[in-house]
Amino acid sequence: MTGKGNWTWLIRGRVTTLIDAGTGEPGHLDALDRALDGETLVQVLVTHSHTDHASGASALLARMPHVQFKKLPWPERDARWPAPWTAIGDGDRIEVGDTSLVAIHTPGHAPDHLCFWHEETGTVFGGDLAVLGTTVWIPVSLQGDLTAYLRSLERILALNPRRMLPAHGAIIDEPVALLREYIQHRQEREQQVIDALRRGDTTPEAIVQRVYKNLNETMQKLAAESVLAHLVKLEHEARARRDGDAWHIIDP
Ligand SMILES: [Zn+2]
């Protein structure tokens, strides 16, 4: 799920800051030491509480007990990663390096997801909002929410960012184009889900069989969760309803 792993971003300066905690792998901590080159890490801003972004907090804390850890709270989930978390939230301006970043609440992939925005350079630290070359997983079972995700895409799009530094994959040099593609892709997928319901498919699995071609078993499960995210969105909009495990279209 994490591709080749995940990035953490180090911003050196007056308030040396790491964006995302990683997983506490010794190799990452050693690389961080080298990158710090004798400077003191002041704080870690965590984009969201998924394992690959937050689980490294305790290992970091063990090496650097003075570091502050900041994220938007998701109490049930944050309890897994024992560290003294300081709450930050939407619109907070946070001193970082020799400048400041603004936290932007961008739920959807996870309820606590934050992007960090640097207006002067048009740079957004995107966390898991977007990954070049693929789409982002919306895990309904982990409070993923497609409606919220689409709103978050629109919100970042409205900032007209020039560059996105993601947590996975290559740097995104044309974030506006990518975010527009993402929105369009979800609109197309939604129409496919609606068409499948109209043809009488009633489960995410059946819809996957119709809409996606040639998926292996693991990918089918992920695709079913993605279809479920669409169904839940349609349900919120009173365009679909569920009877037990069976989904139906509500035609106007
Ligand atoms: Zn994630």
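All values reported here derive from a predicted model rather than from experimental measurement. Start at 1 and go down the list; that is how both ligands and their atoms are numbered.
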Problem set entry | Pair T123-L165, side-chain contact (heavy atoms from CB on, under 4.5 Å): steps then yes or no | CA-CA 7 Å; T123 301; L165 304 181; 3.9 Å; yes
For this session: Could you name all protein N, O or S atoms found under 2.8 Å from the Zn ion (ligand 1)?
Result: H48 NE2, H50 ND1, H109 NE2, D128 OD2
For this session: Would you name the heavy atoms of D78 and L72 that are closest together and state the gap between them?
Result: OD2-O, 4.2 Å
For this session: Without swapping roles, check the side chain of H248 against the backbone of T202 for a donor-acceptor pair under 3.5 Å.
Result: no
Exercise. Are R189 and Y212 in a cation-pi setup, meaning NZ or CZ lies under 6.0 angstrom from the ring centre and within 45 degrees of the ring axis?
Worked result: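 The answer is yes, since R189 meets both limits relative to Y212.
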Please tabulate, for side-chain N and O atoms in residues 170-178, each donor-acceptor pair with protein atoms closer than 3.5 Å (sequence neighbours left out).
none

For this session: Give a yes or no on whether a salt bridge exists between D20 and K71, defined as a side-chain N under 4.0 angstrom from a carboxylate O.
Result: no
